[in-house]
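Letters A, B, ... are given to chains in the order of the sequence lines, protein chains preceding strands, and every chain is numbered from 1. All figures in this text were calculated on a predicted structure; none of them were measured in a lab.
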Amino acid sequence: MELVIFDLETTGFSPRYHEIIQIAAVRMHHGKIKTKECFETFVRPKNPLPDEISELTGITYGDVCNAPEPSAALMAFSRFVGDATLVAHNGRCFDLPFVRECCLRHQLPMREVPFIDSLALSRLLWSSQRCHTMDAVIRRLRLSHEGLRRHDARGDVRILAEAVRHMWKRLGAPPDHCPVPLDVGHLPR
DNA sequence: GCTAGGCAGGAACCCCTCCTCCCCT
């Protein structure tokens, strides 16, 4: 099973009012993380970066001012994904709606892509726990994020890939059998 | 300064519905 673990940084929580400013992804093949097969791009927003977003993510105007426009960035991301299954943390309610809204806004034709929400892996693994944030998952798995910046998509996606690998293993699922039902997302064609 | 929305779990109630919280930047 070929997985592409991805993460977005945005200017806020609402796909309708906010914009994607960074996309990062890493490929996982048969349960092995391919650290050299990664995708990273900043995305140029139409509106100025809010100060609190720069503080949170470390992303500055200098990072995004000459970055690809959203449609070019998403098309490149879609080519990187290919026929793989997408994975994101809370992607069903956050990352995928942002991608879909961006496609609609830029009138990009879309294709369906299989998708796994790592939130579902966490809820299945620690069903008695209420908190399933990325930080909680990292803490429970005792993962180190030394040298990786949280809230930078490049750092988050590497931590998430490790987390997915561990949760998958702990759930006792073989690398080619997803332990939770597959969902569907959209990417530009 | 505002902004989403589907899910899980609990209360109240006997099987659903409603409510609140969660989760992402």
Side-chain angles (χ1 to χ4, degrees), chain A residues 3-26 39-65 67 70 73-74 77 85-106 110 112-141 143 145 148-164 167 171 178-187:
Chain A
L3 303 178
V4 166
I5 291 95
F6 81 106
D7 185 51
L8 303 181
E9 301 306 317
T10 69
T11 55
F13 288 130
S14 169
R16 194 170 154 199
Y17 297 103
H18 298 132
E19 302 174 271
I20 298 170
I21 52 173
Q22 190 186 29
I23 308 170
V26 65
F39 177 89
E40 301 172 354
T41 187
F42 288 109
V43 183
R44 188 178 352 157
K46 250 184 156 179
N47 298 301
L49 282 179
D51 289 342
E52 65 270 23
I53 294 299
S54 282
E55 277 171 38
L56 178 75
T57 63
I59 298 170
T60 63
Y61 171 75
D63 293 318
V64 296
C65 65
L74 276 184
F77 175 53
T85 296
L86 285 172
V87 184
H89 199 70
N90 198 33
R92 180 186 164 90
C93 295
F94 185 78
D95 304 79
L96 288 179
F98 261 99
V99 171
R100 192 178 154 77
E101 182 67 29
C102 193
C103 287
L104 291 171
R105 197 179 293 162
H106 295 91
M110 288 181 273
E112 287 193 346
V113 187
F115 168 72
I116 299 164
D117 200 322
S118 52
L119 198 57
L121 297 177
S122 174
R123 282 182 172 144
L124 184 60
L125 187 55
W126 296 293
S127 54
S128 63
Q129 300 286 332
R130 290 195 74 176
C131 181
H132 298 277
T133 59
M134 265 301 291
D135 286 327
V137 169
I138 290 166
R139 202 167 49 244
R140 285 180 196 134
L141 292 171
L143 297 178
H145 49 88
L148 300 173
R149 194 190 202 285
R150 284 281 284 120
H151 297 295
D152 179 316
R154 295 167 295 191
D156 280 353
V157 86
R158 285 179 188 279
I159 303 167
L160 180 59
E162 273 300 325
V164 167
M167 287 192 287
L171 284 164
C178 182
V180 292
L182 284 179
D183 220 320
V184 177
H186 291 88
L187 285 177

I'd like the [atom1] distance from [M] over to [N], given in whole Å.
| N | M | atom1 | result |
| --- | --- | --- | --- |
| B:dC14 | B:dT25 | P | 41 Å |
| B:dC13 | B:dC19 | P | 13 Å |
| B:dC18 | B:dG1 | C1' | 30 Å |
| B:dC21 | B:dA12 | P | 15 Å |
| B:dC24 | B:dG5 | C1' | 12 Å |
| B:dC7 | B:dT17 | C1' | 16 Å |
| B:dG9 | B:dC15 | P | 23 Å |
| B:dC23 | B:dC2 | P | 24 Å |

Residues 42-49 of chain A side chain polar contacts: donor-acceptor under 3.5 Å, at least two apart:
from: A:Arg44; atom 1: NE; to: A:Ala67; atom 2: O; distance (Å): 3.1
from: A:Arg44; atom 1: NH2; to: A:Ala67; atom 2: O; distance (Å): 3.4
from: A:Asn47; atom 1: ND2; to: A:Glu19; atom 2: OE1; distance (Å): 3.3

May I have the distance from [X] (atom [atom1]) to [N] (atom [atom2]), rounded to whole angstrom?
| X | N | atom1 | atom2 | result |
| --- | --- | --- | --- | --- |
| A:Asp117 | B:dG5 | CG | C1' | 13 Å |
| A:Leu124 | B:dG9 | CG | P | 11 Å |
| A:Arg92 | B:dG5 | CZ | C1' | 10 Å |
| A:Leu96 | B:dC7 | CG | P | 13 Å |

Who passes side chain to side chain contact (heavy atoms under 4.5 Å, CB included) against [X], sequence neighbours left out?
| X | answer |
| --- | --- |
| A:Cys131 | A:Thr133, A:Ala136, A:Arg140 |
| A:Ile138 | A:Met134, A:Asp135, A:Leu143, A:His145, A:Arg150, A:Ile159 |
| A:Cys102 | A:Ile20, A:Pro70, A:Leu74, A:His106 |
| A:Thr60 | A:Asp63 |

- prompt: Does A:His18 or A:Ser127 map to a spot on DNA chain B nearer the 5' end, using the closest nucleotide for each?
  reply: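 Final value for this comparison: A:His18.
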
When you compare the protein's N or O atoms with those of nucleotides 22-25 of chain B, which come within less than 3.5 Å of each other, and at what distance?
from: B:dC23; atom 1: OP1; to: A:Arg130; atom 2: O; distance (Å): 3.1
from: B:dC23; atom 1: OP1; to: A:His132; atom 2: N; distance (Å): 2.1
from: B:dC23; atom 1: O2; to: A:Asn90; atom 2: ND2; distance (Å): 3.2
from: B:dC24; atom 1: OP1; to: A:Met134; atom 2: N; distance (Å): 2.5
from: B:dC24; atom 1: O4'; to: A:Asn90; atom 2: ND2; distance (Å): 3.1
from: B:dC24; atom 1: O2; to: A:Asn90; atom 2: ND2; distance (Å): 3.1
from: B:dT25; atom 1: O3'; to: A:Glu9; atom 2: OE1; distance (Å): 2.3
from: B:dT25; atom 1: O3'; to: A:Thr10; atom 2: N; distance (Å): 3.2

field: Check: A:Thr41 and A:Phe77 side chains under 4.5 Å, non-hydrogen atoms
entry: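 The answer is no; the side chains never approach within 4.5 Å.
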
- request: Would you mind reporting whether A:Ile59 and A:Ile53 have side-chain heavy atoms less than 4.5 Å apart?
  value: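 They are not in contact (no side-chain heavy atoms under 4.5 Å apart), so the answer is no.
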
query: Is there any salt bridge (Lys or Arg N to Asp or Glu O under 4.0 Å) pair reaching into residues 51-62 of chain A, and which pairs are they, with sequence neighbours excluded?
result: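 Residue pairs with at least one partner in residues 51-62 of chain A: there are none.
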
task: If a pair satisfies side-chain hydrogen bond (donor to acceptor under 3.5 Å, both in side chains) and one of its residues is in residues 114-123 of chain A, list it, with sequence neighbours excluded.
output: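 Every side-chain hydrogen bond (donor to acceptor under 3.5 Å, both in side chains) pair that includes a residue of residues 114-123 of chain A, provided the two are not neighbours, is A:His89-A:Ser118, A:Ser122-A:His132.
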
task: Report the secondary structure of DNA chain B in dot-bracket form, marking unpaired bases with a dot and bases paired to a different strand with |, and treating Watson-Crick or G-U pairs with both distances under 3.5 Å as paired.
output: ....((.((((.....)))).))..

